Protein chains: 4
Amino acid sequence: MSSTRKPNPARRSERSRKAVLAAARELVSELGYAKVTIEAIAARAGVGKQTIYRWWPSKGAVIFDSFLALSEGEEGVRLPDTGDIEADLRTVMRATVAEFADPAFETPLRALNTQIIDDPDLAGLYREKLAGPLDQAKKERLRSAQRAGQLRADADLDLVLEVLYAPLYQRWLHRSGPLSPEYADALVDVALRAFAP
Amino acid sequence: MSSTRKPNPARRSERSRKAVLAAARELVSELGYAKVTIEAIAARAGVGKQTIYRWWPSKGAVIFDSFLALSEGEEGVRLPDTGDIEADLRTVMRATVAEFADPAFETPLRALNTQIIDDPDLAGLYREKLAGPLDQAKKERLRSAQRAGQLRADADLDLVLEVLYAPLYQRWLHRSGPLSPEYADALVDVALRAFAP
Amino acid sequence: MSSTRKPNPARRSERSRKAVLAAARELVSELGYAKVTIEAIAARAGVGKQTIYRWWPSKGAVIFDSFLALSEGEEGVRLPDTGDIEADLRTVMRATVAEFADPAFETPLRALNTQIIDDPDLAGLYREKLAGPLDQAKKERLRSAQRAGQLRADADLDLVLEVLYAPLYQRWLHRSGPLSPEYADALVDVALRAFAP
Amino acid sequence: MSSTRKPNPARRSERSRKAVLAAARELVSELGYAKVTIEAIAARAGVGKQTIYRWWPSKGAVIFDSFLALSEGEEGVRLPDTGDIEADLRTVMRATVAEFADPAFETPLRALNTQIIDDPDLAGLYREKLAGPLDQAKKERLRSAQRAGQLRADADLDLVLEVLYAPLYQRWLHRSGPLSPEYADALVDVALRAFAP
DNA sequence: CCCTAAACGAGACGGTACGTCCGGTCTTGAC
DNA sequence: GTCAAGACCGGACGTACCGTCTCGTTTAGGG
């Protein structure tokens, strides 16, 4: 019926798949999302263009996949739990601030955000595969704090996470203010005060 | 000698300028940022491509300008001040939530965000011309609340705004949760609790 | 040593061979030489591409072979010999004209010619396998006429054949004039006058 | 309505047109018709592909045009007329044989023939622009011979030309025999005998 | 009669060129 | 001198085939 003949994944070349994802990652880092072309990815990967079009529906999907592949090996992340939620949150938030400030993450991270803004499907994948697992780990730590009576028992943990991370995310995305350790601390203060028992 | 001859703005055709911005706005609404082309804008506006390249440096600049033009007429915004900061914030936040949920804003607003993520210059312009004035108005209302003893006197008002708006913004951008009046209220609660005197 | 392992013709699948040649013939008739692809031949024949590349060196060779196969069964052609060379030649030339004018021969015959123009090897094969035997039969009849004193004894029979057929061939190839029975007769007249004893 | 927007020939770049035709001629000589690509022509000519697709419908048309351009300047050809038709024909036919035997003409001439075989439109153009004028000149000389009583008065001059040239053409195209001065002479003999008064 | 090597159908692969689209520059003629 | 129009060079797009290269699956002949 349709002209869309579907390829047989069993015969897919693992070598090509990895080469494409690696090339995509490199090119995004070097040029930024907008300037990466499928032709360049194919050339860098030593792969025919058709091999890319056979397995991915769009440039965005390739590049997104290259991000997914990065965190493929990472097993269940586990956040520090010293029993002191304030100290632990400061540690984690300061680390997050440092990560956002790292120029090496800048370009690919902006590329990732550019994509999920305009593509609901990719946004869903992002939540499911990248943000989700991390959020689960964070909420696990928060639940532990709730049990320890350091956080209000009826606090909406999704909301807590948003209050902690969304301001940081927005500052980074809009470049609307400095990303300093003090800022990380300030966000922790806000959250703990708002959700204190 | 150089080819960079700068045009004389005094002779600029107002008719063309408006037609270009209107065409840009329409096309972004219809197609989304990525699918809009300069050729299409020129064709729809009944304008030569050169006329666009003469006055704008890039597609992004044209489209961004078309947003700026929208709020050109708006004089200094003034937020409600009934004396009750909680009630006023709920009003404003519920209105903001409603705006974000309006499908008519969806496409152009995502277009705008796509641009400022990748272009620091546009991001600066955005803060200066669009976000800035609105933030000033909001902070004015918060200062009034500080004077009334409803907010901690030493509260960092930029941070207050971020705690109020960034979670909402992030939910919308990532489609990571529902945008409801209850959510608006919850954010107001969080902010007021965190910055209560 | 080399990677060019030569296949064993004894194990060749007769079924595949016939299917390929039939598919080639059909496709040339339907699309013309230029638009036929090896992939299409393989698909139509229900054969893997490698099976074609294993037994033929090029698309041209396959298609040429599909012509050869047509005349495979034809045993030694024998032209009419009533004793009257003029009458016999008219008969044969009129038949040839009719054949050239038949639309069913048009496409494949032009395909055949396209190939032998650019490929000396195929041209040689053509002369040896297709044109040659027919020319021998024609020359046999001419020799009979020589013995009967109807043609100059020292006439170069290859030249006689060319004078008879080349104008017809050229008209057909270049579509430079009508192919009518009268034209056939005119060519016979010319040849007989030129090579009369 | 249609997507076929027609370009304005008045604005056509003469520089580009000439560069394309020159590049086409060179590439055909170097590679032969089949191996020439539009991309290669564009690259060699320093021209965008679209500029070719804008003005020519196909590769064949470009290459054919490059042949036409060669004979653009040539004014009315005039054949020798010493009063002796046999001597004049020998001169012309021997020259033609020499031309066909010249390797420099081989490749482009075969390219030209490949094209007109499969494309009736190009064949028509060929007859009108290239073969036609030359044939007119030849027939002029033959008419002169008729007036001088050296050729039968009622001879069909198109047929005379065919008897002279088609055998030569066919031998060259099929590589079916030697192209020698003697062969040229033989053809002249045949024609004169066939059409003698 | 089974074993095994080759030929087979299928189709993924690295490539080349296709014909189209658009970016950004340049040219023309109207105003 | 700006404008609408649009031709230009360049280059990426997504598609179609090329000829090569695995994959299992027949298949046929020699042991």
Side-chain angles (χ1 to χ4, degrees), chain A residues 3 5-13 15-16 19 35-43 45-55 57-59, chain B residues 3 5 7-13 15-16 19 35-40 42-43 45-55 57-59, chain C residues 3 5-13 15-16 19 35-43 45-55 57-59, chain D residues 3 5 7-13 15-16 19 35-40 42-43 45-55 57-59:
Chain A
S3 63
R5 296 267 306 291
K6 56 180 73 169
N8 177 358
R11 305 194 46 184
R12 183 169 186 181
S13 159
R15 205 201 129 280
S16 296
K35 289 193 176 161
V36 173
T37 65
I38 294 221
E39 294 216 315
I41 296 175
V47 141
K49 282 202 289 176
Q50 197 58 49
T51 298
I52 297 185
Y53 286 110
R54 186 158 28 232
W55 301 113
S58 67
K59 179 180 84 167
Chain B
S3 62
R5 298 258 309 289
N8 176 358
R11 308 198 47 178
R12 181 170 187 180
S13 158
R15 203 201 129 280
S16 295
K35 290 193 176 162
V36 173
T37 65
I38 294 226
E39 297 220 311
V47 142
K49 282 203 290 177
Q50 194 55 47
T51 299
I52 297 184
Y53 284 108
R54 186 155 31 229
W55 302 111
S58 67
K59 180 180 87 168
Chain C
S3 64
R5 300 261 308 291
K6 56 180 76 170
N8 176 358
R11 306 197 48 176
R12 182 170 187 180
S13 159
R15 204 202 128 280
S16 295
K35 289 193 175 161
V36 173
T37 66
I38 295 223
E39 295 219 313
I41 296 175
V47 142
K49 283 201 290 175
Q50 196 57 46
T51 298
I52 297 185
Y53 285 108
R54 184 155 32 230
W55 301 112
S58 67
K59 179 181 87 167
Chain D
S3 64
R5 297 262 310 289
N8 177 357
R11 305 194 47 183
R12 182 169 187 179
S13 159
R15 204 200 130 281
S16 296
K35 290 194 174 159
V36 173
T37 65
I38 294 221
E39 294 216 313
V47 142
K49 281 202 290 178
Q50 196 59 51
T51 298
I52 297 185
Y53 286 109
R54 183 152 37 227
W55 302 112
S58 67
K59 179 180 87 166

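None of these values were measured; they are calculated from a predicted model. Numbered from 1 within each chain, the chains take letters A, B, ... in sequence-line order.
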Contacts of K59(B) that satisfy side-chain hydrogen bond (donor to acceptor under 3.5 Å, both in side chains) - sequence neighbours left out | none

Please check if atom CZ in R15(A) has more than 12 non-hydrogen atoms from other residues, nucleotides or ligands closer than 6.0 Å.
-> no

Of G48(A) and S16(C), whose nearest nucleotide on DNA chain E comes first from the 5' end?
-> S16(C)

Establish, with yes or no, whether the OP1 or OP2 oxygen of dC8(F) is under 4.0 angstrom from a side-chain nitrogen or oxygen of W55(D).
-> yes

Under 4.0 Å between a side-chain N/O of R54(A) and OP1 or OP2 of dC13(E), yes or no?
-> yes

Output a table of nitrogen or oxygen pairs between the protein and nucleotides 20-24 of chain E separated by less than 3.5 Å.
{"from": "dC21(E)", "atom 1": "N4", "to": "Q50(D)", "atom 2": "OE1", "distance (Å)": "3.2"}
{"from": "dG23(E)", "atom 1": "OP1", "to": "I38(B)", "atom 2": "N", "distance (Å)": "3.2"}
{"from": "dG23(E)", "atom 1": "OP2", "to": "I38(B)", "atom 2": "N", "distance (Å)": "3.3"}
{"from": "dG23(E)", "atom 1": "OP2", "to": "E39(B)", "atom 2": "N", "distance (Å)": "3.3"}
{"from": "dG24(E)", "atom 1": "N7", "to": "K49(B)", "atom 2": "NZ", "distance (Å)": "3.1"}
{"from": "dG24(E)", "atom 1": "O6", "to": "K49(B)", "atom 2": "NZ", "distance (Å)": "2.6"}

Contacts of T51(B) meeting side-chain hydrogen bond (donor to acceptor under 3.5 Å, both in side chains) (sequence neighbours excluded), chain-then-number -> none

Under the side-chain hydrogen bond (donor to acceptor under 3.5 Å, both in side chains) test, residues paired with E39(A) that sit two or more places apart = K49(A)

Write down the protein N/O and nucleotide N/O pairs, taken from nucleotides 26-31 of chain F, whose separation is under 3.5 Å; answer none if there are no such pairs.
{"from": "dT27(F)", "atom 1": "O2", "to": "R11(C)", "atom 2": "NH2", "distance (Å)": "3.2"}

Are OP1 or OP2 of dT2(F) and a side-chain N or O of S13(B) less than 4.0 angstrom apart?
-> no

State which residues pass side-chain hydrogen bond (donor to acceptor under 3.5 Å, both in side chains) with S58(A); sequence neighbours excluded, sorted by chain then number.
-> none

So, is T51(B) close to the dA4(F) phosphate, meaning a side-chain N or O under 4.0 Å from OP1 or OP2?
-> yes

